[in-house]
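Accompanying notes for the structure given below.
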2 protein chains.
Amino acid sequence: MSRYEKVCLIRADGGRAIRRILDRIGDKWALLVIATLHEQRMRFTHLQQRVPGISQRMLSLTLRNLERDGLVSRTSYPEVPPRVEYELTPMGRTLIEPAVALAEWAVEHDPDIGRSQRQYDSRQT
Amino acid sequence: MSRYEKVCLIRADGGRAIRRILDRIGDKWALLVIATLHEQRMRFTHLQQRVPGISQRMLSLTLRNLERDGLVSRTSYPEVPPRVEYELTPMGRTLIEPAVALAEWAVEHDPDIGRSQRQYDSRQT
DNA sequence: CTGGATCCAGTACGATACTG
DNA sequence: CAGTATCGTACTGGATCCAG
């Protein structure tokens, strides 16, 4: 596949496929949860501790969405007290690779973006 | 850099770097505009025609944000009627690669996600 | 032609409180 | 422990109208 054809993937179907995945990992917590879950399967509370700043509500919502998309699987054990563990599905794992590619770009260019923003803002004054 | 270290890039700085770029390309139109602009520099109206469904307002906002981030450059020609052209900056071009990686993943797994969602939803009934 | 200004609906997110 | 329910806020994106 040529580079040009690859770029067309972004625009494929009016960008609907890429939109769907961006709507998921674009939200505030999903990618962070995925990256955290990549280390190991984890219980709800442990996960909340490992993702600093996330509220119960948002962790709950995020996990439910990820489960619905088939990126995370949920296993609840019939015990008292209740124990529920979350882990990435095989498909969830494959998402790590492109996500890391984006993260590398982000970390590498973050200073440039910051500089550009400050320049832009100072010109507006 | 090991795979584990790479995954940590996502969580680096509490995920701030990846968040900044996701806040940008995660919005509804930015990535579509970038992909469209990858083909060639383009005027405002032409761009609007090439990105189906985008409103004037959103194109304008999107372009200004991208310009502020240093991903797109704006050149206005002192003519009547006014002519303004947009093109990707060198940094903007480098974003194409990880974006395409994500788009490939999205297109490849879109059917699986759709299936998973339908399954999940039918179980809730 | 290239946008800026305004109004409005939907929703993402946070804080807090409550429950099996 | 692992969530759900409720409320309030702030922001996003769309439609429309206006201006240099």
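Labels below follow one simple rule: chain letters A, B, ... track the order of the sequence lines, proteins then strands, and each chain is numbered from 1.
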Which side-chain N or O atoms in residues 73-81 of chain A pair as donor and acceptor under 3.5 Å with protein atoms at least two apart or in another chain?
unit_1, atom_1, unit_2, atom_2, d
Glu79(A), OE1, Arg83(A), NE, 3.4
Glu79(A), OE2, Arg83(A), NH2, 3.1

Mind calculating the distance between [atom1] ([X]) and [atom2] ([N]) to the nearest angstrom?
{"X": "Gln48(B)", "N": "dC1(C)", "atom1": "CD", "atom2": "P", "value": "10 Å"}
{"X": "His46(B)", "N": "dG3(C)", "atom1": "NE2", "atom2": "P", "value": "16 Å"}
{"X": "Gln56(A)", "N": "dA17(C)", "atom1": "CD", "atom2": "C1'", "value": "11 Å"}
{"X": "Leu63(A)", "N": "dT4(D)", "atom1": "CG", "atom2": "P", "value": "10 Å"}
{"X": "Glu85(B)", "N": "dG3(C)", "atom1": "CD", "atom2": "P", "value": "12 Å"}
{"X": "Arg74(B)", "N": "dC1(C)", "atom1": "CZ", "atom2": "P", "value": "16 Å"}
{"X": "Arg83(A)", "N": "dA2(D)", "atom1": "CZ", "atom2": "P", "value": "9 Å"}
{"X": "Met58(A)", "N": "dG14(C)", "atom1": "CE", "atom2": "P", "value": "6 Å"}

- Item | Pairing of Arg16(A) and Asp110(B) as salt bridge, 4.0 angstrom limit |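 No, this pair does not count.
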
- Is Arg115(B) paired with Asp112(B) through a side-chain N to carboxylate O contact shorter than 4.0 Å? yes

- Message: So, OP1 or OP2 of dA15(D): does either fall under 4.0 Å of a side-chain N or O from Ser55(B)?
- Response: no

Determine whether [X] and [Y] make a side-chain contact, defined as any pair of heavy atoms from C-beta on separated by less than 4.5 Å.
{"X": "Arg57(A)", "Y": "Ser60(A)", "answer": "no"}
{"X": "Ile10(B)", "Y": "His38(A)", "answer": "no"}
{"X": "Met58(B)", "Y": "Trp29(B)", "answer": "yes"}

Just compare [options] and give me whichever is closest to any side-chain atom of [X].
{"X": "Val84(B)", "options": "dC1(C), dC13(C), dG3(C)", "result": "dG3(C)"}
{"X": "Ser60(B)", "options": "dA17(C), dG4(C), dC1(D)", "result": "dG4(C)"}
{"X": "Arg57(B)", "options": "dA2(D), dC1(C), dG14(D)", "result": "dG14(D)"}
{"X": "Pro81(B)", "options": "dC13(C), dG3(D), dC1(C)", "result": "dC1(C)"}

- Message: At 4.0 Å (heavy atoms only), tell me whether Tyr86(B) reaches a base, stays on the sugar-phosphate, or touches nothing.
- Response: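 Sugar-phosphate only.
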
- Item | Which residue lies more 5' along DNA chain C, comparing Gly53(A) with Pro82(A) via nearest heavy atoms |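 Checking each residue's closest nucleotide, the 5'-ward one belongs to Gly53(A).
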
- Note on the structure: Within residues 17-29 of chain B, those residues having any heavy atom closer than 4.0 Å to DNA chain C are none

- Are the side chain of Glu5(B) and the backbone N or O of Ser2(B) linked by a donor-acceptor pair below 3.5 Å?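 A pair under 3.5 Å: yes.
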
